Amino acid sequence: MLNQIDEPGTAEERIAARLVEELELSPPVDVEALARSLADVTVKIIPFDGIDGLCLDLKVSGKRPKIWVSDGAHRVRRRFTLAHEIGHIKIPWHIGNIIDKIDGHSKIHSRIDRQIEAEANRFAAELLMPNVWMCAQADRFPHPGHLMNYVAETADVSYEAALYRTIKFSKPGYIGAYLRDNMVCWSGKTTGTLGVPPERRSHITDMDVSVLEDEVSIKIGDRFRYVWWKIREKIEALPKPIESWRTVLQEILVNVPEDCRENIHNRVNATVGAVIGKFPIGSDVNEMYRLCRIRCANRNDTILWVKYVFDHPSFDSYLLGRCHDRAKT
């Protein structure tokens, strides 16, 4: 398998996995029927902003648990909320009465409350999109764009819920972004990926896509979309420039303020050197150059002058010079 994950990693995920196995569940899981088999379920308007549901009388002797789910939430969010509430019921150390805000941003939550909510969220994700099933789908859909779309539609979950499972189960080598009117609201990459995702709040038209290929876009309404790219597995290096890479870098740094020029010089050399240093002298120049390009493209640096150097038209000549010197060509 492409990214086999043998067993869910946390205790709550393992509890969900055992439940899936015992009941022979598969997506789309009928969470409402499952919830009603475990508790008294009421779908109603909850008169508090941001509250998705409540779970009452957990592990109370002689009482059947009660689940209240907000009637105002979208259908797929209600499904996740029900799965989340089932988590509270099945996780042994979740007791008493719990008020839920699924996205976890409520300021009223203590650290322990946030931990409990995170555990129930992980349980819900494993219940709705089980580990074994996700591994099988990752085999069928190697590109995370296709995998994410299939998971959202088949498991009947939100694209956001499908996103985090996609990141976990897809193979390395892909970066993604969530866009609003072509502005990056979220960006990330699959586990083990070397490349740098686009900077949040940047505009997608300013992104360096020369190191990327095989774009897959998922449109969400009129203004929003998810985009996934594969990082190029092969980038051919041009011949070694006539001018030395040290000279090229000095020429690029001419416009950098003198008081910070040395610092920028050292940062740029260190960034590129960290990649090149992993290759023995005489290594393949193409692979070295490819990894340098990937490491530097769309780099999100707190110092704008570093980004200026990476974006400079002559920066590629600097990279080529360093790579050819290491390869001794």
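Model, not experiment: these values are computed from the prediction.
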Requested in this report: Taking the side chain as every heavy atom from C-beta outward, state whether Asp208 and Phe310 have any pair of such atoms under 4.5 Å apart.
Outcome: no
Query - Heavy-atom pair of closest approach, residues Leu194 and Lys189 - result: O-NZ, 4.1 Å
Query raised in the report: Distance from Leu320 atom CG to Leu238 atom CG, nearest 0.5 Å?
Result: 5.5 Å
**Report entry** N/O donor-acceptor pair under 3.5 Å between Ser187 side chain and Arg200 backbone
**Finding:** no
**Report entry** N-O pairing of Lys66 and Glu85 below 4.0 Å
**Finding:** no
Requested in this report: Start with the C-alpha gap between Glu236 and Lys234, add the side-chain angles, then the distance that decides, and say whether salt bridge (charged side-chain N to carboxylate O under 4.0 Å, His left out) holds.
Outcome: CA-CA 6 Å; Glu236 295 286 350; Lys234 187 175 183 179; 3.4 Å; yes
Donor-acceptor contacts, no H, no angles, side chain residues 18-25, under 3.5 Å, sequence neighbours left out:
none

Please tabulate, one pair per line, all N/O donor-acceptor pairs under 3.5 Å involving side-chain atoms of residues 34-42, not counting sequence neighbours.
unit_1, atom_1, unit_2, atom_2, d
Arg36, NE, Glu32, OE2, 3.1
Arg36, NH1, Val41, O, 3.2
Arg36, NH2, Glu32, OE2, 3.1
Ser37, OG, Leu34, O, 2.6
Asp40, OD1, Arg64, NE, 2.9

Report task. Could you tell me the separation between the NZ atom of Lys59 and the CD1 atom of Ile91, rounded to the nearest 0.5 Å? Result -> 8.0 Å
Query raised in the report: For His203 and Asp181, which heavy atoms make the closest approach, and how far apart are they?
Result: NE2-O, 3.9 Å
Report task. Apply the test side-chain contact (heavy atoms from CB on, under 4.5 Å) to residues Leu249 and Val309: give CA-CA distance (whole Å), side-chain angles for both, the deciding distance (0.1 Å), then the verdict. Result -> CA-CA 8 Å; Leu249 182 57; Val309 174; 4.2 Å; yes
Query raised in the report: In terms of heavy-atom contacts, does CD of Glu287 have more than 12 from other residues, nucleotides or ligands at under 6.0 Å?
Result: yes
Query raised in the report: Does Arg122 use its side chain to pair, donor to acceptor, with the backbone of Thr10 at less than 3.5 Å?
Result: no
Query - Arg77 side-chain N/O to Asp52 backbone N/O, donor-acceptor pair under 3.5 Å - result: no
Query - Side-chain touch Arg225/Asn182, heavy atoms, less than 4.5 angstrom - result: yes
Query raised in the report: Is there side-chain contact between Asn286 and Ile235, with at least one heavy-atom pair below 4.5 Å?
Result: no
Report task. Rounded to the nearest 0.5 Å, what's the gap from CD1 on Ile67 to NE2 on His84? Could you check? Result -> 10.0 Å
**Report entry** Residues, nucleotides or ligands: over 12 heavy atoms within 6.0 Å of Glu213 CD
**Finding:** yes
Report summary line: Between Gly145 and Trp228 the two heavy atoms that sit nearest each other are CA-CD1, 3.6 Å
Report task. Nearest 0.5 Å please: distance from the CG atom of Leu319 over to the CG atom of Leu291. Result -> 11.5 Å
Report task. Side-chain contact test, heavy atoms from C-beta onward, threshold under 4.5 Å: evaluate it for Arg326 versus Ile281 and give yes or no. Result -> yes
Requested in this report: Grab the two heavy atoms, one from Glu126 and one from Asn131, that are nearest each other, plus how far apart they are.
Outcome: OE2-N, 2.8 Å
Query raised in the report: Going by heavy atoms in the side chains, are Thr154 and Trp133 under 4.5 Å from each other?
Result: yes
Query - Minimum side-chain heavy-atom gap Phe80-Asn121 below 4.5 Å - result: yes
Report task. Taking all heavy atoms of Asp156 and all of Pro28, pick out the closest pair and write down the distance. Result -> CB-CB, 4.2 Å
Requested in this report: List the steps and the verdict of side chain to side chain donor-acceptor pair (under 3.5 Å) for Asn149 and Tyr159.
Outcome: CA-CA 7 Å; Asn149 193 54; Tyr159 280 97; 2.8 Å; yes
Report summary line: Between the OH atom in Tyr226 and the CE atom in Met148, the distance rounded to the nearest 0.5 Å is 4.5 Å
Query raised in the report: Counting only N and O atoms by type, is there a donor-acceptor contact under 3.5 Å from the side chain of Arg261 to the main-chain atoms of Leu253?
Result: yes
Query - Inter- and intrachain pairs under ring-ring contact (aromatic ring centres under 6.0 Å, His included), touching residues 240-281, at least two apart - result: Trp245-Tyr318
Query raised in the report: How far apart are the closest heavy atoms of Pro198 and Ala177, and which atoms are they?
Result: CG-CB, 3.9 Å
Query raised in the report: Run the side-chain contact (heavy atoms from CB on, under 4.5 Å) check on Arg232 and Ile294 step by step: do they pass?
Result: CA-CA 9 Å; Arg232 290 185 182 275; Ile294 291 169; 5.9 Å; no
Query raised in the report: In Å and rounded to the nearest 0.5 Å, what is the CD to NE2 distance from Glu119 to His94?
Result: 4.0 Å
Query raised in the report: Quick one: does Lys240's side chain get under 4.5 Å of Asp325's, heavy atoms only?
Result: yes
Query - Leu179 and Val184, any side-chain heavy atoms less than 4.5 Å apart - result: yes
Query raised in the report: Are Val216 and Lys230 close enough, and set up right, to give a side-chain contact (heavy atoms from CB on, under 4.5 Å), and what steps lead you there?
Result: CA-CA 9 Å; Val216 172; Lys230 181 180 181 181; over 6 Å; no
Requested in this report: Kindly determine whether Met207 and Trp229 satisfy side-chain contact (heavy atoms from CB on, under 4.5 Å), including the steps that lead there.
Outcome: CA-CA 12 Å; Met207 183 178 174; Trp229 299 268; 3.9 Å; yes
